[in-house]
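Down below is the structure, laid out as structure tokens.
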Amino acid sequence: MLKAVRGTRDLLPPETDLWNQVEATVRSVLARYNFHEIRTPIFEDTSLFARSVGEDTDIVSKEMFTWEDRARAASENAQSLSLRPENTAGVVRAYIEHGLDKKGALQKLYYIGPQFRRERPQKGRYRQFYQIGAEIIGPPSANSESPARDAEVLEMLATLLDKVGLRGWGLQLNSVGCADDRTRYSQALRKALQPVVHQMCEDCRRRAETNPLRVLDCKVPEDQPIIAKLPRISEYLDEPCRQHFAAVRSMLDAIGIPYNINERMVRGLDYYTRTTFEFTHGDLGAQNAVLGGGRYDGLSESLDGPKAPGIGFAIGEDRLIMALQAEGVKAVQKLDAYVAPLGAGMNAPALKLARELRRHGIRVEIGDEDFRLKKSFEGAVRAGAKYIVIVGENEVASGHFTVKNLTTGYQVQVARAELVAHLGRR
Ligand code: HAM
């Protein structure tokens with residue numbers, strides 16, 4: 001039997017009802033904050049990810065689905081393409097490509113879609129997974145660097161998680177400083193690692209040379225005591241970065257958003273500057289980050305674009321849904337009515353009635369004139385309908401329909417003109 005490829009999966013109803021409910025809530029919350037949707041391709045030139053996410057990150061060095069596209073002409077080289085492992089790089093590429101900086105204002109863009117990473121599949125970790133993400137990016141003249149944007153994004157996330165019904169989340173907050181701070185911090189890490197790195201895993205030994213910050217991502221248990229003693233990023237922030245972070249924290253305090261400072265959290269992507277964050281959830285096990293994000297003030301320039309500071313996040317939708325399910329959240333998608341044609345020739349009048357009801361927003365399933373009454377009732381119950389509406393010859397002639405509430409068992413005759421109001425009661 002052919003099966004879905006390892007690390008990928010099918011999403012089926014009724015779970016997809018919950019996905020759609022979450023996405024609808026998210027879209028409406030994002031609209032209130034003046035975000036608009038952007039859709040970028042699911043594959044890009046490989047160098048986009050190497051230059052943004054970073055050549056030495058796990059994502060780019062180990063986890064991308066990459067292939068050589070056939071050269072279009074003998075004179076051309078084959079192009080290396082990759083399925084997107086994340087969406088921030090694509091958004092910033094589009095920002096530059098379409099000259100969105102020239103609009104002057106902040107761009108508030110969001111996306112919902114699949115991302116691809118060749119990770120070892122486990123609970124909450126897939127090779128095709130879905131992200132709901134958003135980015136605020138713009139020229140310095142639009143104050144895109146302001147800590148007020150960081151606070152706005154974090155406040156929005158708190159609101160968004162509340163609105164989709166998630167409880168029990170925690171916000172982990174850190175600042176990784178600007179490029180200069182990271183250079184000084186990297187030097188300090190390199191120095192501190194020198195006498196101990198030979199005791200560490202192979203990845204750490206390599207990273208201690210190439211990109212010491214990535215050592216902090218290491219998950220190998222034996223390396224943790226060494227990592228715990230390494231210098232802390234907060235000691236290397238310059239005065240503007242220190243002040244920026246203090247301003248973000250004081251705004252969060254003022255609006256009452258709780259957070260923990262987590263200095264080990266440097267995030268697994270190289271483009272971050274200053275504020276970084278993750279929202280975690282207790283029911284997710286080892287993969288406990290529901291979402292992650294941060295500032296990337298130099299990303300546009302590193303892709304040859306204009307100066308365009310930005311901040312954003314991506315929610316792991318698979319994990320958000322898993323956390324909601326763990327808390328018992330279900331989609332409220334109840335079928336209002338089951339229209340049951342009773343007897344030969346009743347399919348057409350039943351369809352006509354269903355058409356009227358559906359046009360008025362009533363959720364309707366329809367039976368078949370070949371079904372006996374018993375089978376129609378069974379069908380209505382199986383479909384989860386609140387009411388069954390019988391369409392027989394008498395009903396059609398009189399314009400009054402037998403309507404039975406399948407929960408209470410209460411049965412009444414309802415005039416055609418009253419049906420929408422009767423069935424639509426929620
Ligand atoms: P990220 O931390 O790599 O950040 O991913 C964000 C979220 O995507 C994670 O917190 C997790 O919930 C989910 N996720 C990541 N990998 C997987 C996987 N293999 N299976 C299931 N879920 C996964 C980013 O991607 C950045 N682009 C976020 C961002 C936007 N930063 C600034 N703007």
Side-chain angles (χ1 to χ4, degrees), residues 6-9 11 19 22 30 35 38 40 44 48-49 52-54 57-60 62-65 83-95 107-137 144 149-150 153-154 156-157 161 166 169-172 174 176 214 217 219 262 265-281 283-300 308-324:
R6 184 172 136 85
T8 72
R9 61 198 182 126
L11 300 171
W19 283 69
V22 163
L30 285 164
F35 280 85
I38 180 168
T40 66
E44 301 262 3
L48 171 66
F49 303 115
S52 55
V53 175
T57 57
D58 278 354
I59 297 176
V60 170
K62 302 182 188 164
E63 297 170 0
M64 283 208 299
F65 290 92
L83 291 182
R84 62 185 186 195
E86 60 95 75
N87 217 153
T88 308
V91 169
V92 175
R93 186 219 16 90
Y95 177 88
Q107 297 294 310
K108 296 174 99 174
L109 305 167
Y110 80 89
Y111 47 84
I112 299 179
Q115 317 292 334
F116 306 85
R117 297 182 192 176
R118 190 188 271 110
E119 294 195 79
R120 196 168 50 78
Q122 63 179 79
K123 183 177 172 232
R125 195 159 79 188
Y126 307 98
R127 290 181 167 186
Q128 172 170 340
F129 60 99
Y130 293 80
Q131 284 187 344
I132 300 172
E135 316 290 348
I136 303 183
I137 175 169
S144 47
R149 298 290 69 77
D150 307 42
V153 163
L154 291 165
M156 179 176 82
L157 282 166
L161 294 180
L166 190 73
W169 50 261
L171 164 56
Q172 312 289 320
N174 194 19
V176 296
R214 291 274 78 87
D217 293 338
K219 301 281 181 323
N262 179 353
M265 194 191 55
V266 291
R267 312 261 306 117
L269 305 94
D270 278 351
Y271 50 61
Y272 288 117
T273 54
R274 295 189 165 173
T275 312
T276 55
F277 55 85
E278 281 180 3
F279 282 66
T280 53
H281 192 270
D283 288 333
L284 288 175
Q287 306 300 321
N288 70 348
V290 181
L291 68 92
R295 209 164 242 297
Y296 43 84
D297 292 344
L299 178 53
S300 171
I311 180 165
F313 65 85
I315 300 172
E317 197 175 358
D318 307 76
R319 293 190 196 170
L320 174 60
I321 298 287
M322 208 185 264
L324 287 171

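Remember, it's a predicted structure, so these values are computed and weren't measured experimentally. Just follow the structure's listing: the first ligand is 1, and inside any ligand the first atom is 1. All residue numbers refer to positions in the sequence shown, counting from 1.
Residues Asp270 and Val53 have side chains not in contact (no heavy-atom distance under 4.5 Å, counting atoms from C-beta outward). Tyr130 is not listed as a side-chain neighbour of Ile112, based on a closest heavy-atom distance of 4.5 Å or more. Trp169 has its side chain out of reach of Val290: every pair of non-hydrogen atoms, C-beta onward, lies at least 4.5 Å apart. Within the 4.5 Å cutoff, side-chain heavy atoms of Arg117 are placed close to those of Glu86. For the pair Leu154 and Phe279, the minimum side-chain heavy-atom distance is below 4.5 Å. Under the 4.5 Å side-chain criterion, counting only non-hydrogen atoms from C-beta, Asp217 is not in contact with Asp58. Contact annotation: the side chain of Arg214 approaches that of Val266 to within less than 4.5 Å [non-hydrogen atoms, C-beta and beyond].
With ligand atoms numbered from 1 in the order given, ligand 1 contributes 10 (O), 28 (C), 29 (C) to contacts under 4.0 Å with heavy atoms of Gly292. Those atoms of ligand 1 with a heavy atom of Leu269 less than 4.0 angstrom away are 3 (O), 4 (O). Atoms of ligand 1 found under 4.0 Å from any heavy atom of Val290, numbered from 1 in the order shown, are 10 (O), 12 (O). Within ligand 1, counting atoms from 1 as listed, the ones closer than 4.0 Å to a heavy atom of Glu119 are 16 (N), 17 (C), 18 (C), 19 (N). Close contacts of ligand 1 with Leu291, meaning ligand atoms under 4.0 Å from a residue heavy atom, involve 10 (O).
An N or O contact shorter than 3.5 Å is missing between Ile315 and ligand 1 by distance. On a distance-only criterion, Ile59 and ligand 1 share no N/O pair closer than 3.5 Å. When only interatomic distances are considered, the shortest N/O to N/O separation between Arg125 and ligand 1 does not fall below 3.5 Å. For the pair Glu278 and ligand 1, the shortest N or O to N or O distance does not fall below 3.5 Å. Checked by distance only, ligand 1 and Tyr126 come closer than 3.5 Å through their nitrogen or oxygen atoms.
Taking 4.0 Å as the cut-off, Arg267 counts as a neighbour of ligand 1 on heavy-atom distance. Proximity of Tyr130 to ligand 1 is not established, as no heavy-atom distance is less than 4.0 Å. Remark: distances from the non-hydrogen atoms of Gly133 to ligand 1 are all 4.0 Å or more. Contact analysis leaves Asp318 out of contact with ligand 1, as no non-hydrogen atom separation drops below 4.0 angstrom. At least one heavy atom of Gly124 sits less than 4.0 Å from an atom of ligand 1. In this structure, Tyr272 is part of the shell of residues with a heavy atom less than 4.0 angstrom from ligand 1.
At the shortest separation from atom 26 (C) of ligand 1 among protein heavy atoms lies Tyr271 OH, 3.4 Å. The nearest protein atom to atom 14 (N) of ligand 1, hydrogens excluded, is given as Phe129 CE1, 3.5 Å; this is a heavy-atom distance. Looking at atom 12 (O) of ligand 1, its nearest protein heavy atom turns out to be Ala289 O, 2.8 Å. When only non-hydrogen protein atoms are considered, atom 30 (C) of ligand 1 lies nearest to Thr88 OG1, 3.0 Å. Scanning the protein heavy atoms around atom 13 (C) of ligand 1, the nearest turns out to be Gly316 CA, 3.5 Å. For atom 7 (C) of ligand 1, the closest heavy atom belonging to the protein is Ala314 O, 3.5 Å.
Only the side chain of Arg319 comes within contact range of ligand 1, with a heavy atom under 4.0 Å; no backbone atom does.
Of the candidates Glu86, Glu135, Gln131, Gln131 brings a heavy atom nearest to atom 5 (O) of ligand 1.
Rounded to the nearest 0.5 Å, atoms CZ (Arg9) and CG (Asp318) are 4.5 Å apart. Atom-to-atom distance recorded for Ile311:CD1 and Asp150:CG is 3.5 Å, nearest 0.5 angstrom.
At least one cation-pi condition fails for Arg127 and Phe116: the charged atom is not both under 6.0 angstrom from the six-membered ring centre and inside a 45 degree cone around its axis.
Between the side chain of Arg84 and the backbone N or O of Thr40 there is at least one donor-acceptor pair closer than 3.5 Å. With Arg319 contributing its side chain and Ala289 its backbone, the two residues share a donor-acceptor pair below 3.5 Å. Listed for the Arg125 side chain is a donor-acceptor partner under 3.5 Å among the backbone atoms of Arg120.
Tyr296 and Glu135 share a side-chain donor-acceptor pair at under 3.5 Å.
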